[in-house]
Trainee: 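Before anything else, here's the structure in question.
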Amino acid sequence: RGQTPMHLLMHNEHLRRFDFFPDLVQLMLYQGCDVNIQSLNGCTSLHLAIYHQDFNSAVELLERGSQIHLTWQKPLRWEKHWRTTGSSNEVYALEMIEDEETIRRLFSSITCEQKPAPPRPNCMLCKRKIVSFSKKNCSHCGSLICSRCSSHKLDKSFFPPYSNSKIKDDEFVRVCLICEDILTSRKYEQENIMGREVLIPRQDEVSMLDMETSFEKNELRSQS
């Protein structure tokens, strides 16, 4: 069936009950397993982690370069724990998640350029049906989103280096609301950190001047 050891681990509900399960996941990732290998039906380790609602492992996989929008032909006998978005048996990772905070957590863990999601009948964030002319892909997470979930654009300065190759210097590109919040928060946080770093040397210089002045005063006292 084309499954890797990581596939088998992500599908092992018995092992997941033990405290050492996260260590097994990290060990496999440390050994350099390919997190994007698909089984014969297209399933990836990320699909299985999310299917079993193991979002801690999903975060680990995304931090090692998992692609979110690969197609999985879910076995018919496997039950769905999410709202169905069509009659097709094709499943994408985000379609199995309905909690916005979980999606935000996963998007925050992206570390590589994501392939854009193919056409789907529903928005991958709000799950509403969307017409063809209003479908857009987020330039950060690659999700297929409706106009309500992608009302703004950002320029290249907001994106991490792995996204810069496809964005021109003077271009503003579409992002989903979740990625917009993530990317703007990161940029402002980095700017604040840089601002503090500028002030630190000035504080150090002042303290050194105070030390020199104090030393000169003590030297004059000893001479007198």
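Predicted model, so just to flag it, every value in this text is computed and none were measured.
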Trainee: Side-chain heavy atoms nearer than 4.5 Å, only ILVMFWY residues, links allowed to pass through others: does that put Y188 and F172 together?
Mentor: no
Trainee: Is it true that L144 and I97 fall in one hydrophobic cluster, defined by side-chain heavy atoms closer than 4.5 Å?
Mentor: yes
Trainee: Between K153 and E171, is the closest basic N to carboxylate O distance under 4.0 Å?
Mentor: no
Trainee: Does the plane of the ring in W72 sit parallel, tilted or perpendicular to the ring in Y51? Use 30° and 60° as the thresholds.
Mentor: perpendicular
Trainee: If you measure only the distance, is there a donor-acceptor pair under 3.5 Å linking the side chains of N12 and R17?
Mentor: no
Trainee: Looking at D181 and R104, does any basic side-chain N land under 4.0 Å from a carboxylate oxygen?
Mentor: yes
Trainee: Between L61 and A49, which heavy-atom pair has the shortest distance, and what is it?
Mentor: CD1-CB, 4.1 Å
Trainee: Just to verify, which of L15, L27, V25 counts as forming a side-chain contact (heavy atoms from CB on, under 4.5 Å) with F20?
Mentor: L15
Trainee: Please walk me through it: do M10 and H52 pass side-chain contact (heavy atoms from CB on, under 4.5 Å)?
Mentor: CA-CA 8 Å; M10 288 295 104; H52 292 292; 5.9 Å; no
Trainee: So, taking the atom named CG in L46 and the one named CE in M6, what distance separates them when rounded to the nearest 0.5 Å?
Mentor: 11.0 Å
Trainee: What is the distance from atom CZ of R174 to atom SG of C138, rounded to the nearest 0.5 Å?
Mentor: 10.5 Å
Trainee: Please give me the minimum heavy-atom distance between H140 and F107, naming the atom from each residue.
Mentor: CE1-O, 3.8 Å
Trainee: List in chain and number order the residues that pass side-chain contact (heavy atoms from CB on, under 4.5 Å) with C112, two or more places apart in sequence or in another chain; answer none if no residue qualifies.
Mentor: Q67, Q114
Trainee: Assess the side chains of S157 and K187: does a donor N or O sit below 3.5 Å from an acceptor N or O?
Mentor: yes
Trainee: Minimum heavy-atom separation for K127 to L94, with atom names?
Mentor: NZ-O, 2.8 Å
Trainee: Could you see if V35 belongs to whatever hydrophobic cluster contains L24? Use Ile, Leu, Val, Met, Phe, Trp, Tyr and a side-chain cutoff under 4.5 Å.
Mentor: yes
Trainee: Can you give me the closest heavy-atom contact between I103 and I178, atom names plus distance?
Mentor: CG2-CD1, 3.7 Å
Trainee: Between R16 and E13 (salt bridge meaning N to carboxylate O under 4.0 Å), is one present in this structure?
Mentor: yes
Trainee: Taking all non-hydrogen atoms of both residues, which atom of L29 and which atom of R64 are closest, and how far apart?
Mentor: O-NH1, 2.9 Å
Trainee: State the CG-CD1 distance between L62 and I50, to the nearest 0.5 angstrom.
Mentor: 7.0 Å
